[in-house]
Amino acid sequence: MNSKYTHMGFVIATVFTVALLFNSCESKDQSELLGIDSKVFPQGVAKNFKLYYNEYKENKSELIAVRDTTSLSAILEAQLSEDYQQLIFPYRIFPEGIRLTLIDDDGARTYINADYGKLYVLTSMVDLRGSVLIELPDGSTLETDQLYWDRENDWVFTDRNFKYTNREDNSIMNGKGMDFKRDFTYFNAHQTYGTMVLKEE
């Protein structure tokens, strides 16, 4: 009878020890313990990706009946696009770089190039990183290492350092943090420093 209890105590101690051993594995989830790769894979991959954004315009005229129209407002291009829209917070990434063309009402084009891009589907936000270069219609350029484009509100902003080169007067403005309307009718530099070269009249 005594050996029966000893045997049962040994079994309970063994089960308890094995349970502790499994629970002590540091930061190993079940898929890792079973040898399954838990990395998230894209639901789709596209090469030479091009996406067109059209803007709806309501035409109001009392003199003549004019139909409502849409106009091309932006073009997003990338060599490679990976689609993660199956996730709870869906997004699309452009790991090999991205080129964004913004078109204003007069047809003037602003080009934005970046080493990496991420498009958040639910929030209509585009995150651009790496060597971000903006080329304005007048030839001026703006350089930074991260930039956000809020498509919903037509707003572009960053909290990083930037360099703005004005081709018209060859002036250079350095600063940190800025936000502006997509058509550059409003521009706000949060902090500016460095040297500005001004032409004397």
Side-chain angles (χ1 to χ4, degrees), residues 40 42 46 49-55 71-85 87-201:
V40 177
F49 181 82
K50 196 178 261 194
L51 185 62
Y52 295 90
Y53 293 98
N54 289 308
E55 210 170 72
S71 65
L72 185 62
S73 61
I75 304 167
L76 192 150
E77 300 172 80
Q79 292 296 316
L80 181 67
S81 168
E82 295 179 1
D83 186 356
Y84 293 89
Q85 295 195 52
L87 302 177
I88 294 170
F89 194 66
Y91 60 88
R92 183 184 290 272
I93 64 167
F94 309 97
E96 294 182 4
I98 185 173
R99 181 175 175 86
L100 186 61
T101 306
L102 304 175
I103 306 161
D104 68 17
D105 292 338
D106 298 324
R109 297 185 174 217
T110 298
Y111 300 99
I112 303 175
N113 296 286
D115 295 335
Y116 173 89
K118 191 171 191 177
L119 166 63
Y120 295 97
V121 178
L122 296 178
T123 59
S124 297
M125 190 76 72
V126 179
D127 178 5
L128 304 169
R129 297 182 187 197
S131 299
V132 182
L133 174 67
I134 302 175
E135 301 169 75
L136 301 170
D138 66 356
S140 299
T141 59
L142 194 143
E143 301 166 66
T144 185
D145 62 3
Q146 185 172 22
L147 193 72
Y148 295 98
W149 173 40
D150 181 352
R151 293 184 299 140
E152 192 77 27
N153 298 305
D154 243 358
W155 209 255
V156 183
F157 59 93
T158 185
D159 61 350
R160 304 293 181 93
N161 291 330
F162 69 87
K163 176 184 175 184
Y164 174 70
T165 306
N166 189 333
R167 292 286 178 235
E168 199 173 287
D169 57 11
N170 291 323
S171 65
I172 296 173
M173 177 175 64
N174 293 297
K176 184 174 183 181
M178 64 171 168
D179 57 293
F180 55 91
K181 198 165 168 52
R182 188 192 68 173
D183 59 5
F184 277 87
T185 53
Y186 174 88
F187 181 90
N188 176 36
H190 304 171
Q191 295 175 22
T192 56
Y193 51 85
T195 306
M196 277 187 82
V197 181
L198 299 173
K199 282 172 83 176
E200 200 174 321
E201 302 241 352

If we only count heavy atoms from C-beta on, is the K118 to Y116 side-chain gap below 4.5 Å?
yes

Residues E82 and P42: closest non-hydrogen pair is CB-CB, 4.1 Å

Ignoring hydrogens, what is the shortest heavy-atom contact between P137 and R109? Give both atom names and the distance.
CG-O, 3.4 Å

Closest non-hydrogen contact found for A78 with G97 is CB-O, 3.5 Å

Rounded to the nearest 0.5 Å, how far apart are CD of E143 and CG of N174?
9.5 Å

Heavy-atom pair of closest approach, residues A114 and R129:
CB-O, 3.6 Å

Side chain to side chain contact (heavy atoms under 4.5 Å, CB included) test vs Y111 passes for just one of L102, T101, L136, namely T101

The reported gap from CZ in F162 to CG in D145 (rounded to nearest 0.5 angstrom) is 12.5 Å

Are any of the side-chain heavy atoms of I75 and I103 separated by less than 4.5 Å?
yes

So D83 and F49, side-chain contact (heavy atoms from CB on, under 4.5 Å) or not? Walk me through it.
CA-CA 11 Å; D83 186 356; F49 181 82; over 6 Å; no

Are any of the side-chain heavy atoms of E152 and T123 separated by less than 4.5 Å?
no

Does the side chain of L142 come within less than 4.5 Å of M178's, by heavy atoms?
yes

Specify the closest pair of heavy atoms between F89 and L122, including all atoms of both residues, with the distance to one decimal.
CD1-CD1, 4.1 Å

Beyond-backbone contact of M173 with N166, side-chain heavy atoms, under 4.5 angstrom
no

V132 backbone acceptor or donor facing T144 side chain under 3.5 Å
no

Sub-4.5 Å side-chain heavy-atom contact between L119 and I98:
no

Taking the side chain as every heavy atom from C-beta outward, state whether F94 and L76 have any pair of such atoms under 4.5 Å apart.
yes

Approximate separation, where rounding is to 0.5 Å, of D150 CG and F157 CZ
6.0 Å

How long is the span from the CZ atom in R99 to the CG atom in L128, to the nearest 0.5 Å?
12.5 Å

Can you tell me how far apart CG (L147) and CG (L133) are? Round to the nearest 0.5 Å.
11.0 Å

Over 12 non-hydrogen atoms of neighbours within 6.0 angstrom of OH in Y52:
no

Judged by modelled atom types alone, do R92 and S81 share a side-chain donor-acceptor pair under 3.5 Å?
yes

Full working for side-chain contact (heavy atoms from CB on, under 4.5 Å) between D104 and T110
CA-CA 8 Å; D104 68 17; T110 298; over 6 Å; no

Heavy atoms of L72 and N54 approach each other most closely as CA-OD1, 3.5 Å

Identified side-chain hydrogen bond (donor to acceptor under 3.5 Å, both in side chains) counterpart of Q146 within the set T158, D127, D159, N161
D127

Within the distance-only criterion (no hydrogens, no angle test), does the side chain of D138 pair as donor or acceptor with the backbone N or O of S140 below 3.5 angstrom?
yes

Once you round to the nearest 0.5 Å, how far does CH2 of W155 lie from CH2 of W149?
14.5 Å

